[in-house]
Amino acid sequence: MNPLAELRAAVEAAATALRGDRAAPSAAVTLQRPKLEAHGDYATNAALLLAPVLGEQPRAIAERVGEELAERLGDQLQSTQVAGPGFLNLVLADPWYRAAVAHVLAAGRRFGGGEVGAPERILVEFVSANPTGPLTAASGRHAAYGDALLRILRFAGHEVHSEYYVNDYGSQVLRLGESIRARARGEQVPNDGYQGEYVRELAMSIDGAAEAEPAELAVAGVALMRARIERSLEAFGVHFDSWFSERSLHEGERPTAVQRAEAELEAGGHLYRSDEASWLRATTFGDDKDRVLRRADGQPTYLASDVAYHEHKRARSFTRLIDIWGSDHHGYVRRMQAAWQALGGDADELEIVIMQYVHLIEGGERAGMSKRRGDFITLDELVAEIGSDAARYFMVQRSHDTEMDLDLDLARSQSADNPVYYVQYAHARIASILEKAGAGRVGAAVEDSERHGRSVADNGRDTGPSLEPSERTLIRTLLAFPAEVAEAVERRAPHRIAAYALELAQRFTAFYRDCRVVGAEPPAVETFRLALSVATQQVLAQALGLLGVSAPTAM
RNA sequence: GCCCCCGUAGCUCAGCUGGAUAGAGCGGCGGCCUUCUAAGCCGCGGGUCGCAGGUUCGAGUCCUGCCGGGGGCACCA
């Protein structure tokens with residue numbers, strides 16, 4: 001149990017002791033890091049919540065919560081103070097802080113992770129951009145978000161599988177084939193075709209493109225684009241466990257996957273025929289209207305593919321599916337959810353996350369993003385210009401449900417101002433300090449800290465040098481990591497980790513400013529600070545790793 | 001018309017699902033390198049949290065209604 005969880009448990013125990021067998025308060029007590037130093041190291045609203053239950057003044061209750069806590073925490077607690085309407089501010093003693101550092105070091109790379117109660121098997125499907133062109137920079141946001149999310153889910157203890165759904169079937173793909181042939185013949189690309197320069201390259205790299213059928217060219221072109229997309233993603237640090245072909249749902253042995261899914265819906269009584277077409281009773285499951293699954297001409301709609309695809313996902317026995325879609329698909333969410341339930345899926349098992357747009361700004365104007373017109377900035381170009389780390393950090397530092405602007409001119413000229421470098425710099429700086437101290441002293445410091453942690457646990461005795469304010473602040477920030485991870489998981493919000501990493505780097509830099517590490521006197525101070533530096537480096541590296549950003553040891 | 005997201009500092013955005021005097025980065029102004037990395041540090045300036053009500057000890061956060069921006073409402077994908 002981490003020190004913060006223990007502290008919270010003590011606060012809750014104190015509250016429970018005061019409450020006796022009376023009803024529990026409506027909300028859980030908070031244990032927060034106050035914004036102002038004057039408000040202590042941690043503050044709890046326990047008394048404010050107990051007031052209605054006990055029918056007494058909050059401040060008087062806070063007083064008693066403080067007494068209960070003092071009894072429970074002994075010399076771990078330095079002081080308490082009742083403040084404001086009835087907050088109880090806590091100041092922890094140095095031994096508590098030293099034990100906390102020991103805990104972080106002992107937990108090692110597991111610190112903050114593996115805390116989920118019930119591990120799940122999760123399939124995360126993301127990016128899934130049409131293979132009719134290269135990945136755009138906008139797709140980079142999907143890639144950065146989805147990859148960070150799955151890293152965080154894994155770290156938290158879930159089993160996660162990542163998948164890219166390849167839309168290699170249907171009219172868009174055929175248009176690509178037609179466009180390739182037109183280019184190969186030196187003809188004008190059709191109006192509804194793909195105008196990009198890459199189509200010309202595709203035409204050149206496919207033998208006999210001028211004479212081939214568009215359908216064949218579509219297959220060949222998609223294969224080439226898919227490979228290129230995979231390369232772009234790998235260069236961006238994003239790896240997919242599997243690539244799922246939409247076409248495979250329509251081909252192969254009869255009945256096809258699409259046909260089987262239709263039969264299943266039919267058997268469940270979720271289909272009906274009208275105007276020659278086959279309809280899904282989506283309204284049964286909360287959609288605005290019923291949806292066509294198979295057109296009057298016998299052709300399946302895109303929904304039919306998606307139904308079959310999700311049936312396939314279901315058969316793979318995940319406990320949860322997370323689909324990450326662009327905001328332009330949000331109108332599609334309800335029908336997918338309806339189809340999912342019609343297939344017999346549990347509504348809670350399918351989660352659809354909607355990503356808002358990232359607008360690329362160039363020359364003060366929004367850059368185009370039309371794949372059709374070939375007017376777009378590719379992910380490859382973005383990575384080449386500002387680097388994978390800067391691009392990824394930029395993409396995940398904001399909440400996925402808010403639109404954001406990326407000014408390319410700014411990103412190019414001032415990429416060094418990207419906060420990611422500040423975080424990496426802190427990490428590299430620690431590496432430099434540790435190198436200066438030497439592996440021997442660092443190793444001894446870590447050992448000493450862990451031994452210290454054990455001896456405090458055994459006999460409750462602690463005799464060490466007193467800590468500076470910036471050391472205490474840094475340690476509190478380290479201890480916040482597990483809760484930040486939990487929050488990021490719960491809310492599918494990797495940007496929380498980006499914000500956390502920045503804060504941790506700031507706290508370390510303040511510590512660095514105030515506290516000499518190598519050569520600090522007496523030696524016990526140096527030992528403690530080395531241990532604290534190691535702990536910080538470890539958590540910084542972990543946080544960056546969760547974002548898919550490198551943690552350099554030198555810059 | 002209906003549905004979803006957003007509106008917080010000059011700009012880009014956080015704000016821990018209701019807590020105390022609302023923050024960060026960038027930009028602006030002024031300082032700081034004989035000392036573990038100046039990709040850094042310190043200081044200053046900058047806000048009717050879109051507007052109006054409501055809920056309560058307490059609202060940027062929750063509810064209602066407006067206003068503004070973006071997106072979506074296919075037998076396209």
Side-chain angles (χ1 to χ4, degrees), chain A residues 27 30 32-36 38-39 43-45 48 51-52 58 83-87 89 130 132 167 169-173 175 192 246 274-279 288-289 291-297 299-306 326-334 354-357 359 361 394 397-407 410 414-426 428-437 480 483-484 486-488 490-491 493 495-496 498-500 502-503 506 509-510 512-520 526 529 533 554-555:
Chain A
T30 61
Q32 53 169 3
R33 290 186 286 156
K35 278 170 271 190
L36 271 63
H39 293 162
T44 177
N45 67 348
L48 287 162
F87 290 101
N89 300 333
N130 285 349
T132 51
N167 297 124
Y169 185 81
S171 56
Q172 296 300 321
V173 175
R175 283 201 189 100
D192 57 356
E246 179 188 1
S274 173
D275 298 334
E276 311 274 299
S278 173
W279 295 71
D288 300 338
K289 47 183 111 165
R291 306 292 178 174
V292 171
L293 208 61
R294 193 171 283 275
R295 304 181 185 109
D297 64 5
Q299 286 299 308
T301 62
Y302 184 74
L303 179 62
S305 291
D306 251 344
S327 64
D328 54 337
H329 285 64
H330 105 259
Y332 200 78
V333 171
R334 274 195 189 164
I354 295 299
M355 294 279 300
Q356 295 299 325
Y357 285 130
H359 301 287
I361 311 287
F394 186 90
Q397 71 179 335
R398 306 305 182 199
S399 167
H400 65 87
D401 62 9
T402 183
E403 290 178 49
M404 54 188 253
D405 288 346
L406 169 49
D407 189 320
L410 214 62
Q414 306 173 343
S415 70
D417 286 329
N418 187 313
V420 73
Y421 295 109
Y422 183 92
V423 180
Q424 291 182 316
Y425 189 69
R429 190 176 245 169
I430 295 172
S432 173
I433 291 170
L434 300 181
E435 192 182 351
K436 177 153 182 160
E484 292 291 343
E487 191 76 17
E490 212 171 296
R491 293 169 58 169
H495 75 280
R496 303 289 300 238
Y500 173 79
L502 183 62
E503 186 195 347
Q506 286 168 330
T509 303
Y512 171 85
R513 178 193 68 217
D514 296 344
C515 301
R516 179 78 202 178
V517 178
V518 180
E526 183 194 82
R529 288 177 181 169
S533 298
M555 288 177 77

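Convention: sequence-line order gives letters A, B, ...; per-chain numbering from 1.
- Across all strands, A/L36 comes closer than 4.0 Å to base atoms (heavy-atom distances).
- If you check every strand for non-hydrogen atoms under 4.0 Å, A/P419 touches sugar and phosphate atoms only.
- Contact annotation for A/A83: base contact, defined as any heavy-atom pair under 4.0 Å involving a base atom.
- One can place CG of A/N45 at 12 Å from P of B/rG18, the figure rounded to the nearest angstrom.
- Regarding A/D407, its CG atom lies at a distance of 13 Å from the P atom of B/rG27, rounded to whole Å.
- Counting non-hydrogen atoms under 4.0 angstrom, A/Y512 reaches a base of the nucleic acid.
- Closest to the A/W279 side chain, of the nucleotides B/rA77, B/rC75, B/rU37, is B/rC75.
- A/N89 comes within 4.0 angstrom of a nucleotide base, judged by non-hydrogen atoms across all strands.
- Between the P atom of B/rA39 and the OH atom of A/Y422 lies a distance of 13 Å, rounded to the nearest Å.
- With P as the reference atom, B/rG19 and B/rG65 are 24 Å apart, rounded to whole Å.
- For B/rG47 and B/rG30, the C1' atoms lie 23 Å apart once the distance is rounded to whole Å.
- Across all strands shown, A/L48 has heavy atoms under 4.0 Å from base atoms, whether or not it also approaches the sugar-phosphate.
- The glycosidic torsion of B/rC33 lies within 90° of 0, which places this base in the syn conformation.
- Considering CD1 of A/I433 and CZ of A/R516, their distance stands at 8.5 Å, rounded to 0.5 Å.
- Proximity of a side-chain donor or acceptor of A/D275 to a complementary backbone N or O of A/A277 within less than 3.5 Å is not detected.
- The side chain of A/R429 places no N or O atom within less than 4.0 Å of a non-bridging phosphate oxygen (OP1 or OP2) of B/rA39.
- RNA chain B is contacted by both A/A554 and A/F87; A/F87 maps to the nucleotide lying nearer its 5′ end (nearest heavy atom per residue).
- Atom name P, nucleotides B/rG40 and B/rC26: the rounded distance is 7 Å, in whole Å.
- Proximity of A/Y425 to the phosphate of B/rA39: a side-chain N or O atom is located under 4.0 Å from OP1 or OP2.
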Strictly under 3.5 Å: I want the nitrogen or oxygen pairs between protein and nucleotides 12-16 of chain B, one per line.
from	atom 1	to	atom 2	distance (Å)
B/rU12	O2	A/R398	NH2	3.0
B/rC13	OP1	A/E403	O	2.8
B/rC13	OP1	A/M404	N	3.4
B/rC13	OP1	A/D405	N	2.9
B/rC13	O2'	A/R398	NE	3.0
B/rC13	O2'	A/R398	NH1	2.3
B/rA14	OP1	A/S399	N	3.0
B/rG15	OP1	A/H495	NE2	3.2
B/rC16	O4'	A/R496	NH2	3.2

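- A/E526 contributes a side-chain N or O that, together with a main-chain N or O of A/G519, makes up a donor-acceptor pair within less than 3.5 Å.
- Applying the 90° criterion around 0 to the glycosidic angle, B/rU64 comes out anti.
- Candidate nucleotides B/rG40, B/rC36, B/rG72 were compared by shortest atom distance to the side chain of A/K436, and B/rC36 ranks first.
- Annotation: B/rC66 and B/rG71 have their P atoms spaced 22 Å apart (nearest Å).
- Between the side chain of A/T301 and the main chain of A/R294, no donor-acceptor pair closer than 3.5 Å is present.
- Atom-to-atom, CD of A/Q356 to P of B/rG69 comes out at 17 Å; the value is rounded to the nearest Å.
- Look at the C1' atom in both B/rG50 and B/rG68: the space between them is 7 Å, to the nearest Å.
- As judged by a 4.0 angstrom heavy-atom cut-off over every strand, A/N130 is placed among residues touching the sugar-phosphate backbone only.
- B/rA22 and B/rC29 have their C1' atoms separated by 24 Å, given to the nearest Å.
- Going from atom CD of A/Q424 over to atom P of B/rA39 covers 14 Å, rounded to whole Å.
- Here the nucleotide nearest the side chain of A/A277, chosen from B/rC75, B/rA39, B/rA77, is B/rC75.
- In this structure, CD of A/Q299 is placed 14 Å from C1' of B/rA77, rounded to the nearest angstrom.
- Rounded to whole Å, the C1' atom of B/rG23 lies 10 Å from the corresponding atom of B/rU8.
- Judged purely by atom type and a 3.5 angstrom limit, A/T44 uses its side chain to pair as donor or acceptor with the backbone of A/T30.
- Put simply, A/H39 rests on the base of B/rA20: the two rings are less than 5.5 Å apart at their centres and nearly parallel, under 30°.
- Regarding A/L303, its CG atom lies at a distance of 14 Å from the P atom of B/rC73, rounded to whole Å.
- Going from the P atom of B/rG27 to that of B/rU48 covers 24 Å, rounded to whole Å.
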Could you spell out the base pairing of RNA chain B as a dot-bracket line? Use Watson-Crick and G-U wobble contacts where both distances are under 3.5 Å, [ ] for crossing pairs, | for partners on a different strand. (((((((..((((.....[...)))).(((((.......))))).....(((((..]....))))))))))))....
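- For A/Q506 and B/rG40, the shortest distance from a side-chain N or O to OP1 or OP2 is not below 4.0 Å.
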Take A/N89 and A/H39 through the test side chain to side chain contact (heavy atoms under 4.5 Å, CB included) and record every step on the way to the result. CA-CA 6 Å; A/N89 300 333; A/H39 293 162; 4.1 Å; yes
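- Distance NE2/A/H330 to CD1/A/I354: 7.0 Å, rounded to 0.5 Å.
- The OH atom of A/Y512 sits 13.5 Å away from atom CZ of A/R529, with the distance rounded to the nearest 0.5 Å.
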Could you walk me through whether A/R429 and A/T509 pass the side chain to side chain contact (heavy atoms under 4.5 Å, CB included) test, one step at a time? CA-CA 9 Å; A/R429 190 176 245 169; A/T509 303; 3.7 Å; yes
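- Using a distance-only test at 3.5 Å, with no hydrogens or angles considered, no donor-acceptor pair links the side chain of A/R33 to the main chain of A/K35.
- Across all strands shown, A/A480 has no heavy atoms under 4.0 Å from either base or sugar-phosphate atoms.
- Among the atoms of the strands shown, base atoms are found under 4.0 Å from some heavy atom of A/A43.
- Open room surrounds CD on A/E276; 12 or fewer heavy atoms of other groups in view lie less than 6.0 Å from it.
- Taking the six-membered ring for Trp and thresholds of 30 and 60 degrees, A/H329 and A/Y332 have ring planes more than 60 degrees apart, a perpendicular arrangement.
- Atom-to-atom, CZ of A/R334 to C1' of B/rC2 comes out at 9 Å; the value is rounded to the nearest Å.
- Contacts of A/R513 with the nucleic acid, taken as non-hydrogen atoms under 4.0 Å apart, involve only primed sugar atoms and P, OP1 or OP2.
- Using a 4.0 Å heavy-atom cutoff across all strands shown, A/S432 reaches at least one base atom of the nucleic acid.
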